[in-house]
Amino acid sequence: MISRRGFVAGAGAGALAAAGWGEEGRTRPGSSGSARVEKLLTAMSLADKIAQLNVPVVLPGEPGSSAGATPADQERYARGGFQHQNLVLGPGGGFFGLVNESLFGSFDPEQPKTPKEQAERHNALQKLALASEHRIPLLQISEGTHGSIGPGSTIFPEGPGLGATWSPELVGHVYGVVGAEARAVGIHAISTITAELNRDPRYGRAIWSFSEDPYLTTRYVEALVPAAQADLHTGAVVSLCTFPAESPNVGGLEGSSIELGERELRNIHLPPWRAGSAAGSLMTEAGEQTIDGIPVHGSPKYLTEVLRDELGFRGVVIANGFENLITDRVASTPAHAGALALGAGIDIALAWHDAFLTGLAEAVRTGAIDQTLIDRAVRRILTLKERLGLFENPYADPARAQAIVNQPAHRKIALQAARESMTLLRNEGGLLPLHHRRIAVIGPNADDARNLLGEYSAWPTFHAVPTILDRLRATGRQITHAKGCATTGTDRSGIAAAVKAAKNADVAVVVLGEEVKGGYFDPGRTNGELADIASLDLTGVQQELLEAVHHTGTPVVLVLVNGRPLSVTWAAEHIPAILEAWLPGEQGAQAVADVLTGAVDPSGRLPITVPRSVGQLPMYYNVKGARARAGTYVDIPSTPLYPFGHGLSYTSFALSNVHLSADRITGTGRTEIRAEVRNTGQRTGTAVVQLYVTDDESSVVVPEIQLRGFAKVSLAPGAHASIKIPLRADDLALIDASLDRVVEPGAFTLRVGTSAAALPHTLQLTVI
């Protein structure tokens, strides 16, 4: 049992087994894996086992070395005999991010490895591991938020950009490529695929999240997991991030605690995780924060009872550090922290931390933990390696790696994803699409290719990535360019040149937003991991630049390149056209040019609410009734600047004959919302019809409206289509006063429209 001091007593192994810690992936301390796995466990020493539990992000050098690990150190770790303090480890469990020696784009490597060379390096390390006593292959994990991290890999839109496509099928295609490119170079698991919601855009790591909404995020997760993992021999394991949540955290600050009630956690935050487990995800990263005072890294409740027993997760849980267990004074020593984490259900440590190295050895020596808990974690890891086929074929094919990574078909999917992410927020007077000959292209993100790529993107690319300026020049128009200012800082010296360029043009395209490039060592970043922010306004003097260009009288199109919603309230009142481009990836510049010039209709829809001010936070569409009916602020309206689901087209649509296939269903039944959609404009365009549900009477308070379906359809001018949006009784479930998930009988109001704030069609459904 776990005592007040947090150590797992040796006699507690039986109690843990009795607690129901599942078969295979759930693995009770005394349960068994395959014959091969059990034979290995019997033969391995404690040092061998501890080595399997560590897949370091950055392997340190040998003791006494001031530098990081050299290739020789990596090879010693792979074959065994790597020393950490007084612990001599057996052959290593694997590496994290080894293919990208720039630390995920934080700096430029001197000699970046091509895909072929990445595969060869992984093969060389695997060969060393397989020459060791137990012949256990390495498990290579790397980032994969929106593309494999290996240099040269295809880079897709990040987080909310993919979320804005409202296309689970397309997101599945994207991660099918991510998994295939990763596995081709020898990566077996792609990490930081975000299943958590973006409920506070101040939080820098929310840049990875698809949406604020559990239904939309669930649809993406259930599509991407099987696509990326494929048959586990050609795809990469999906490591969903970060269980059960790291947001909304107090103040939007990384590492800050989460204050969520149990019902809110289960009703809003757990559905994507339930979908991920059902889809077969075999890895997840544990949240680093505390939830209602419980540190996730040390919580059997979250990492075993909820994740494994309730949600049915059958994979491996990874941890990115144990500091919070110590800093929050739950654990007094690294050995204490390691024992807590291991007992809770952590299997792999990414941080090179004493807690899962000497700490575990010390905890076993003193009897603070039973070695069966170490066996449980090792069993899960070896079983995962077995399922990946690594014991039979641990090697990558270098020639295939070079051929498959960033192949034309993958670039085509990246372009489609970038195009479908483009979200037109405003277009007064039909300024867009551009028909103008003379265009001034202005702003810090106009001629910056790397800022289009987002965080944790493959670097270098080994292929050309054009800028928005490049792609607009390629349209044949007369282009003048002025940067105007940087994304940060107070230098206004370039604004005069921007004003001059605008005065001599028919229209000014001003490209503003955020600074993401440079990785988390760059102090100039305004978004990403370790880049939380207190204001959602434009940074630096970008607002001054925008106003100066506007005052020339030349019509202005604002293009935003950013990974979080920005409170561009002034622009929404003064700038006639605003295009939200997000962080659109390597094909983003082409997508922006295509939409601005009308070659492609903008079809993106907001996956997150855009506030007027940071003072409105937290702000998301699916609030409870009290917030929905609350009054306004004294200084600004309480409504969002742009609502969830909003997005304009260059054409118009009419929705008619909206009805239900059945207006009464049982608690296990289903119905369909059916309608006719017609393109009533002069251009081909895409409509996204959205369904929201209100529970007219419930035993507990639930959100006023909740997205429960959508249909995306492209139509030529004058064309029409019949759409069907399925709705199951299970989609109407709530978490009741006993924390059970139930479908309560009664009346439900269904609303159909084009955003959470534009729902003209109403239907009634009764669950009997």
Side-chain angles (χ1 to χ4, degrees), residues 94-105 108-109 111-126 138 140-158 162 170-193 224 227-239 388 390 393-418 449-450 452-466 584-588 590:
F95 293 90
F96 191 103
L98 185 67
V99 297
N100 191 328
E101 295 164 330
S102 70
L103 264 182
F104 320 124
D108 295 345
Q111 294 181 312
K113 294 181 177 64
T114 65
K116 177 176 181 290
E117 291 168 335
Q118 293 164 34
E120 290 171 342
R121 178 59 176 162
H122 280 143
N123 287 349
L125 292 168
Q126 290 285 20
L138 301 171
Q140 302 284 26
I141 307 174
S142 196
E143 299 287 6
T145 57
H146 57 126
S148 175
I149 205 69
S153 300
T154 309
I155 305 170
F156 297 92
E158 183 155 26
L162 288 174
L170 177 56
V171 169
H173 292 325
V174 165
Y175 284 95
V177 171
V178 178
E181 291 193 352
R183 190 60 180 270
V185 302
I187 297 168
H188 311 118
I190 46 177
S191 189
T192 324
I193 313 300
L224 71 86
Q229 293 188 167
D231 61 0
L232 293 181
H233 290 249
T234 57
V237 164
V238 170
S239 177
L388 284 161
L390 298 183
N393 182 22
Y395 300 115
D397 181 343
R400 183 175 182 272
Q402 196 64 39
I404 195 175
V405 171
N406 200 244
Q407 63 175 275
H410 295 177
R411 293 195 294 270
K412 184 177 180 180
I413 294 173
L415 177 58
Q416 181 186 358
R450 199 164 173 186
L452 301 174
L453 302 182
E455 189 179 43
Y456 284 161
S457 55
W459 191 259
T461 61
F462 292 138
H463 53 275
V465 178
E586 66 176 56
Q587 299 294 324
Q590 184 65 59

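For the numbers below, each heavy atom of this structure counts, side chains included, while hydrogens, waters and symmetry mates do not. We number each residue from 1, following the sequence as shown.
Taken to the nearest 0.5 Å, the OG1 atom of Thr145 stands 9.5 Å off from the CD1 atom of Ile190. Here Glu120 contributes atom CD and Leu125 contributes atom CG; the two are 12.5 Å apart, rounded to the nearest 0.5 Å. Residue His146 holds its NE2 atom at 7.5 Å from CD of Glu455, rounded to the nearest 0.5 Å. Taking CG of Leu138 as the reference point, atom NE2 of His188 lies at 8.0 Å (rounded to 0.5 Å). A distance of 4.5 Å separates CZ in Arg450 from CH2 in Trp459, rounded to the nearest 0.5 Å. Rounding to the nearest 0.5 Å gives a distance of 13.0 Å between CD1 of Ile149 and CG of Leu98.
Contact check for Val178 versus Phe156: side-chain heavy atoms found under the 4.5 Å cut-off. Side-chain atoms of Gln416 and His173, non-hydrogen and from C-beta on, never get closer than 4.5 Å to each other. In this structure, the side chains of Leu224 and Val174 stay at 4.5 Å or more apart for every pair of heavy atoms. In this structure, the side chains of Thr461 and Glu586 stay at 4.5 Å or more apart for every pair of heavy atoms. Annotation: side chain of Ile187 is in contact with side chain of His122 (closest heavy-atom distance under 4.5 Å).
Gly152 and Asn406 make their closest contact through O-CB, 3.3 Å (heavy atoms, listed as atom of the first residue, atom of the second, distance). What you find for Lys113 and Gln118 is that their closest heavy atoms are O-NE2, 2.9 Å. Among all heavy-atom pairs drawn from Thr234 and Ala230, the shortest one is OG1-CB, 3.7 Å. Of all heavy-atom pairs spanning Thr154 and Glu181, the tightest one is OG1-OE2, 2.7 Å. Pairing each heavy atom of Ser153 with each of Val405, the nearest pair is CA-CG1, 3.6 Å. The minimum heavy-atom distance linking Leu388 with Arg183 is given by the pair O-NH2, 2.9 Å.
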Side-chain donor-acceptor pairs under 3.5 Å in residues 395-403, sequence neighbours left out?
from   : atom 1 : to     : atom 2 : distance (Å)
Asp397 : OD1    : Ala399 : N      : 3.1
Asp397 : OD1    : Arg400 : N      : 3.3
Gln402 : OE1    : Lys116 : N      : 2.9

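For Phe95, the ring-ring contact (aromatic ring centres under 6.0 Å, His included) partners two or more places apart in sequence, or in a different chain, are Tyr77.
With Ile155 as reference, Leu453 is the one residue of Val465, Leu453, Leu452 to meet the side-chain contact (heavy atoms from CB on, under 4.5 Å) rule.
In terms of modelled atom types and a separation under 3.5 Å, the side chain of Gln590 and the main chain of Gln587 share no donor-acceptor contact.
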